[in-house]
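Quick note: residue numbers are just sequence positions, from 1. Hydrogens, waters and symmetry mates play no part in the numbers below; they use all other heavy atoms, side chains included. Since the structure is predicted, the reported quantities are computational estimates derived from the model, not experimental observations. Counting starts at 1 for both ligands and their atoms, following the listed order.
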Amino acid sequence: MRPDGIVIAIDGPAGVGKSTVGRLVAGRLGYSSISTGKMYRALAWKALENGISLEDDESLVKLAGSLKWGFPKGPGPEAGVSLDGRGLDLELSEERVSKASSGIAKLAGVRLFMCGMQRAAGISGGVVMEGRDIGTNVFPDAELKVYLDASPEARARRREGQLKEQGLEADYARILDFIIKRDAQDSGRKINPLKKAEDAHYLDSTALPCEKVVDAIVDLFKRSPAGRRSAV
Ligand code: C5P
């Protein structure tokens, strides 16, 4: 048993709602939540700002190592990642950043750096960590694993709503095309591709509202040995 509770790994494709679900599950359990996608996005954003090539693995790792990474906690979307003390949120949703993050996530050095940071952040437990390879690679020994899925169309519709809510531009057809391409890139890459861990619970949220998905994961937690020990 880890000192602060278990590790809950939530993996799944782009736009499936992992960050929101992760944050809400963490809130219900008194756990912290970590969006590993935000880490790749933050590094991609910094590389774009500094004009560093998105294919230069060595320079990207050097850049990542030179930054002071913070993982601010809190219930809102501003919680997540800070670089050199600056909280990052809206800039990470930009399309150029999404595209760049998926590109740099293919690189071996970048992945090694990120996985090391993610393991260090979650090793004591009491954490909901979401991404693409948490249950398969970062925490293959996570006590509870969930693979969250939804149709590309449902995910595109949700992303469109989120962007509009943030006051950003949103075009459904473009988003759908982008999601399909990002799925192919994330599942097709050689290192740590997106895939369901054999022992992960599969949840299809195409027709499920967010609260039901959260309830389902909290239920899985309660039925797990760790959940039975803690009275949530
Ligand atoms: O989850 P999100 O869409 O914010 O992730 C941005 C990108 O970071 C993804 O498209 C994916 O390529 C990459 N990523 C990854 N491994 C993770 C989390 C995200 O490769 N654990």
For Arg41 and Leu92, work out which heavy atoms get closest and say how close.
-> NH1-O, 2.7 Å

The answer for which part of Met114 has a heavy atom under 4.0 Å from ligand 1 is neither

Identify the closest protein heavy atom to atom 18 (C) of ligand 1: which residue and atom is it, and at what distance?
-> Thr36 OG1, 3.3 Å

What orientation do Phe113 and Trp69 show, parallel under 30°, tilted 30 to 60°, or perpendicular over 60°?
-> tilted

In plain terms, say whether Glu49 and Arg96 are close enough for a salt bridge, that is, a side-chain N and a carboxylate O under 4.0 Å apart.
-> yes

Could you pull out the closest heavy-atom pair between Ala14 and Ile179, with the gap in Å?
-> O-CD1, 4.3 Å

Closest to atom 13 (C) of ligand 1 among protein heavy atoms sits Ala105 CB, 3.7 Å

For ligand 1, is any non-hydrogen atom under 4.0 Å from Ala14's backbone (N, CA, C, O), its side chain (CB onward), both, or neither?
-> neither

Looking only at heavy atoms, the pair that brings Arg119 and Phe139 closest together is O-CZ, 3.5 Å

Report the part of Gln185 in contact with ligand 1, treating N, CA, C, O as backbone and CB onward as side chain, heavy atoms under 4.0 Å; options are side chain, backbone, both, neither.
-> neither

Glu130 heavy atom under 4.0 Å from ligand 1 | no

Considering only heavy atoms from C-beta outward, does the side chain of Ile134 approach that of Ile10 to under 4.5 Å?
-> no

min-distance protein heavy atom vs atom 5 (O) of ligand 1 -> Gly37 CA, 3.4 Å

Side chain or backbone of Arg182 under 4.0 Å from ligand 1, or both, or neither, by non-hydrogen atoms?
-> side chain

Are more than 12 heavy atoms from other residues, nucleotides or ligands located less than 6.0 Å from atom NZ of Lys196?
-> yes

Protein heavy-atom partner closest to atom 1 (O) of ligand 1 - residue, atom, separation in Å | Arg132 NH1, 2.9 Å

Classify the contact between Arg189 and ligand 1 as side chain, backbone, both or neither, using a heavy-atom distance cut-off of under 4.0 Å.
-> side chain

In this structure, atom 7 (C) of ligand 1 is nearest to the protein heavy atom Ser101 OG, 3.4 Å

Among protein heavy atoms, which lies nearest atom 4 (O) of ligand 1, and at what distance?
-> Arg41 NE, 2.6 Å

Does a salt bridge link Lys99 with Glu95, judged by any charged N lying under 4.0 Å from a carboxylate O?
-> no

What atoms of ligand 1 come within less than 4.0 Å of a heavy atom belonging to Gly131?
-> 18 (C), 21 (N)

Report, in ascending order of atom number, the atoms of ligand 1 lying under 4.0 Å from any heavy atom of Asp133.
-> 16 (N), 17 (C), 21 (N)

Any idea which protein heavy atom is nearest atom 14 (N) of ligand 1, and the distance to it?
-> Tyr40 CD1, 3.6 Å

Note the single closest protein heavy atom to atom 12 (O) of ligand 1, along with its residue, its atom name and the distance in Å.
-> Asp186 OD1, 2.6 Å

Check step by step if side-chain contact (heavy atoms from CB on, under 4.5 Å) holds for Leu220 and Val146.
-> CA-CA 9 Å; Leu220 287 171; Val146 173; 4.2 Å; yes

Criterion side chain to side chain donor-acceptor pair (under 3.5 Å) on Ser33 and Glu130, from CA distance to verdict | CA-CA 8 Å; Ser33 76; Glu130 53 89 0; over 6 Å; no

